[in-house]
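Read through the structure below, which is laid out as structure tokens, and then see the notes.
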Amino acid sequence: METNNIEKQTSLQLTGMTCAACANRIEKGLNKLEGVSEANVNFALERASVSYDPNKTSVAKMEESIIKLGYGVTKAEVELELVGMTCAACALKIEKTLNKLPGVSHATVNFAIESAHVEYNSLEISVADMQKRVERLGYKAVAKQEQGDPAERRQKEITRQKRTLIVSAILSLPLLWAMVSHFSFTSWIWLPDLFMNPWFQLALSTPVQFYIGRQFYIGAYKALRNGSANMDVLVALGTSAAYFYSLYLTIDWAVAGGSIHHGPEMYYETSAVLITLVLMGKLFESLAKGRTSEAIKSLMGLQAKTALVVRDGQEMNIPVDEVNTGDIVLVRPGDKVPVDGEVLEGISSIDESMLTGESLPVEKKTGDAVIGATINKNGMLRIRATKVGKDTALAQIIKVVEEAQGSKAPIQRVADVISGIFVPIVVGIAVVAFLVWYFLVTPGDFAGALEKAIAILVIACPCALGLATPTSIMAGSGRAAELGILFKGGEHLEQTHKINTIILDKTGTVTKGKPELTDVLVEGDELEFLRLVGAAEKNSEHPLAEAIVTGIKERNIELPSTEIFEAIPGYGIKAVVEGKELLIGTRRLMDKFGVDATQSYEQMSKLEESGKTAMLVAINNEFVGMVAVADTIKETSSAAVSRLKEMGIEVIMITGDNERTAKAIAAQVGIDHVLAEVLPEGKAEEVKKLQAQGKKVAMVGDGINDAPALATADIGMAIGTGTDVAMEAADVTLMRGDLSSIPDAIYMSRKTMTNIKQNLFWALGYNTLGIPIAVIGLLAPWVAGAAMALSSVSVVLNALRLQRVKIRQ
């Protein structure tokens, strides 16, 4: 019996991580599990993305592995009120069904109180999905109470952090006051005698050390138990050293019968202020990290909240999550279209600017498709829902952005490797520095040597290093999404900045892809000629064929049926109409079937030189005439090509059209290099030839025949108005459908990479510079703590600058 080897993907929301070393530890643990092909842990998002074989492992095993490592996985919970159960068998059926749903970790159904309690992964399944599944069983589920919304959870965590910081600051302030008053330039500051009392300082610092700071001890214990070291280890070591040495001095002073008001110089303030500063840094970091996901929030804000549906002849307003495929939905003027659908009745114009960037509304009539979250301008529409929930275009866009933000760019691997070995090295440096100072530099000065070691431990916390890359990727990909550019992953966002050659498909990319019939050249009966040509071409899906048929129909010519039709890719078509064999296509088609059309070549060349595509027509192997169509160039194409050239990028146009027509189009937009008469399967080969020359190639296309070239290129860019196949094969989707998005995408990639390098330089430079300064004794522990907190916040704030990047129009 064969097993199903289809790979699945899941995302897990994590808790308990304090720095990049934690993320690295979880990632390694997940990657070691049998059946896991790839696991990425994003420290900034606190999320794990895992690809796995469900036949070899499960989400439950992943959660178990994460918990064993000392971290947690967040679960959402919901209470569902069930209607329609008649016996315990009903309850059992619902319970089994809920437990089988992907993303549901545990579900229990209570028949007596007619309710279900479900624990689930909100990243993988929604309450609406559960309700629909229960309804398919013949029952009804109403959500009574839901807990675990990610945004709500983040807000609760921030509130908790604020409360903890305030308490810590209140307890630490008198200790800081006492410390500051010791400096010669602050001797004028009044200091109550009580603040210098060792017992008073012990009373203030103990709750900070062991109640507020317990999170660092717990984190350090978990890390060390699993054979790794993280930021918690450094903070716990540094603050504990200061606290316990001060406690020793306090006890020694008390045994010696010290003064009731004044004691020896102690370091309680070092431990308490350090913990307060670390908490402050973490709070600022959380607040800033929350802003990196604003792009997702703004995209989600585009969704309609309710939908007006017709069920059983009744109009009812329901939450958009409850709309089912096939439902009839009414969209009034001014309303958002709630789901993707097809117009059944009505005529209106739709504002699709949120998706395409096109400011002019698009006319919609019966049979036309509409997209959820677009705005109905003036007419009443009756639509049938075709895609709902996670299948809508907007939901897919949000999914792509979320996956890109959660993915890992190759440059981050460097930071991961460094952070994995950083903490043990720092502990070693601190121990060596302590010994050198205690035995060689200032022999016997335990307090001085300890202070140097504490400063080293604190200044070296690798928080900034772990945030350097993911925050930039999140902010950069989010800003790009707002500009209509969807990067499928962090690796594509990184690779795009290396592009030095762009290949543009002509039809639908450089041009609008909607050519028109412009010329008809025939010696005999033009009406009969067009009847036969139209009948042959109406079977073809090629844009040029559609233009010919549309142009003929506009002349009110009725087309007969076609008896035989054959498309010959790269050549043209062969068809039989009313017993006559027609050949319509290129010179090569005529040559292939032995048709002499040389007398028309001069006229054909003139049409091609003017940017038109001419097609030769033969009936029963005799040349009879030609038709020509012209595809208009997109308004933005010329300016986009100019921008690409300014960026130092070579621009090449590729097309199956003849060379003269291709060059005429290319000249209009300023493209110097043209690859003409390239068959669909030859496009990927042309990409490979350029790559063999050492060039980093991006392919831009919109059709099914572009998919192989998109997949072959270093970066494949699909015009978002094109086919789903092209977008699936591409690394970047340009939702707005014009060429200006190409330089925008490259510009955003360059900006993001510059930002990442700035962050890495700051994070690594800060540690590299800070450790030697601490080693030679020029850095007080509390200053090191403040600098460490500042470094993390500065990295996140620098990444947030990407959200304000302006694109040149």
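Reckoned from all heavy atoms, side chains included, excluding hydrogens, waters and symmetry mates. If you read the sequence from its start, that first residue is 1, and numbering goes on from there.
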Could you tell me whether a side-chain N or O of D351 sits under 3.5 Å from a main-chain N or O of K377, the two making a donor and an acceptor? no
Residues T74, L14; criterion side chain to side chain contact (heavy atoms under 4.5 Å, CB included); working and verdict: CA-CA 6 Å; T74 301; L14 307 172; over 6 Å; no
Residues two or more places apart in sequence or in another chain: which of them pass salt bridge (Lys or Arg N to Asp or Glu O under 4.0 Å) with D327? R311
Would one find more than 12 heavy atoms of other residues, nucleotides or ligands at under 6.0 Å from atom NZ of K645? yes
Measure the shortest side-chain to side-chain distance between E650 and K695 over non-hydrogen atoms and say whether it is less than 4.5 angstrom. yes
Is the closest side-chain heavy-atom distance between M653 and V669 below 4.5 Å? no
Taking the side chain from N31 and the backbone from E27, do they hold a donor-acceptor pair closer than 3.5 Å? yes
Checking S749 side chain against L493 main chain: does a donor-acceptor pair fall under 3.5 Å? yes
I'd like to know if the side chain of D714 pairs up with that of Q691 as donor and acceptor (distance under 3.5 Å, no hydrogens or angles considered). yes
S126: side-chain hydrogen bond (donor to acceptor under 3.5 Å, both in side chains) partners, not counting sequence neighbours: D129
For the pair R133 (side chain) and L101 (backbone), establish whether a donor and an acceptor sit closer than 3.5 Å, ignoring hydrogens and angles. no
Using side-chain heavy atoms (C-beta onward) and a distance below 4.5 Å, is V388 in contact with K132? yes
All side chain to side chain contact (heavy atoms under 4.5 Å, CB included) counterparts of Q303, not counting sequence neighbours: M300, L394, I398
Could you tell me whether R643 and D744 make a salt bridge, using a distance below 4.0 angstrom between a side-chain N and a carboxylate O? yes
I'd like to know whether L381 forms a side chain to side chain contact (heavy atoms under 4.5 Å, CB included) with I350, so could you lay out the CA-CA distance, the side-chain angles of the two residues, the decisive distance to 0.1 Å, and finally the verdict. CA-CA 10 Å; L381 291 177; I350 300 282; 3.8 Å; yes
Are more than 12 heavy atoms, taken from residues, nucleotides or ligands other than K751, located less than 6.0 Å from that residue's NZ atom? no
Go through the structure and list residues passing salt bridge (Lys or Arg N to Asp or Glu O under 4.0 Å) with K365, not counting sequence neighbours. D368
Taken in chain and number order and not counting sequence neighbours, the residues that satisfy side-chain hydrogen bond (donor to acceptor under 3.5 Å, both in side chains) with S349 are N378
What residues form a salt bridge (Lys or Arg N to Asp or Glu O under 4.0 Å) with K506, not counting sequence neighbours? D657
Checking T754, N755, N798 against S472 for side chain to side chain donor-acceptor pair (under 3.5 Å), the one that qualifies is N755
Sub-4.5 Å side-chain heavy-atom contact between L690 and I652: yes
So, E342 versus T386: side-chain donor-acceptor pair below 3.5 Å or not? no
Sequence-distant partners of E157, side-chain hydrogen bond (donor to acceptor under 3.5 Å, both in side chains), two or more places apart: R160
With sequence neighbours excluded, residues passing side chain to side chain contact (heavy atoms under 4.5 Å, CB included) with E491: S407, P410
What residues form a side chain to side chain contact (heavy atoms under 4.5 Å, CB included) with S37, not counting sequence neighbours? E7, S51
Charged N-O contact under 4.0 Å between E686 and K683: no
Give a yes or no on whether the backbone of E494 and the side-chain of H497 come within a donor-acceptor separation of less than 3.5 Å. yes
For K688, what residues pass the salt bridge (Lys or Arg N to Asp or Glu O under 4.0 Å) criterion, not counting sequence neighbours? E685
If the condition is side-chain hydrogen bond (donor to acceptor under 3.5 Å, both in side chains), which residues does T752 pass it with, not counting sequence neighbours? none
A side-chain contact here means heavy atoms from C-beta on lying under 4.5 Å apart; do V687 and L710 qualify? no
Set of side chain to side chain contact (heavy atoms under 4.5 Å, CB included) partners for V320, sequence neighbours left out: P338, V339
Examine distances only and state if a side-chain atom of D321 and a backbone atom of A128 form a donor-acceptor pair shorter than 3.5 Å. no
Would you say that M62 contacts V73 through its side chain, given a criterion of any heavy-atom pair below 4.5 Å between the two side chains? no
To the nearest 0.5 Å, tell me how far M699 CE sits from I503 CD1. 6.5 Å
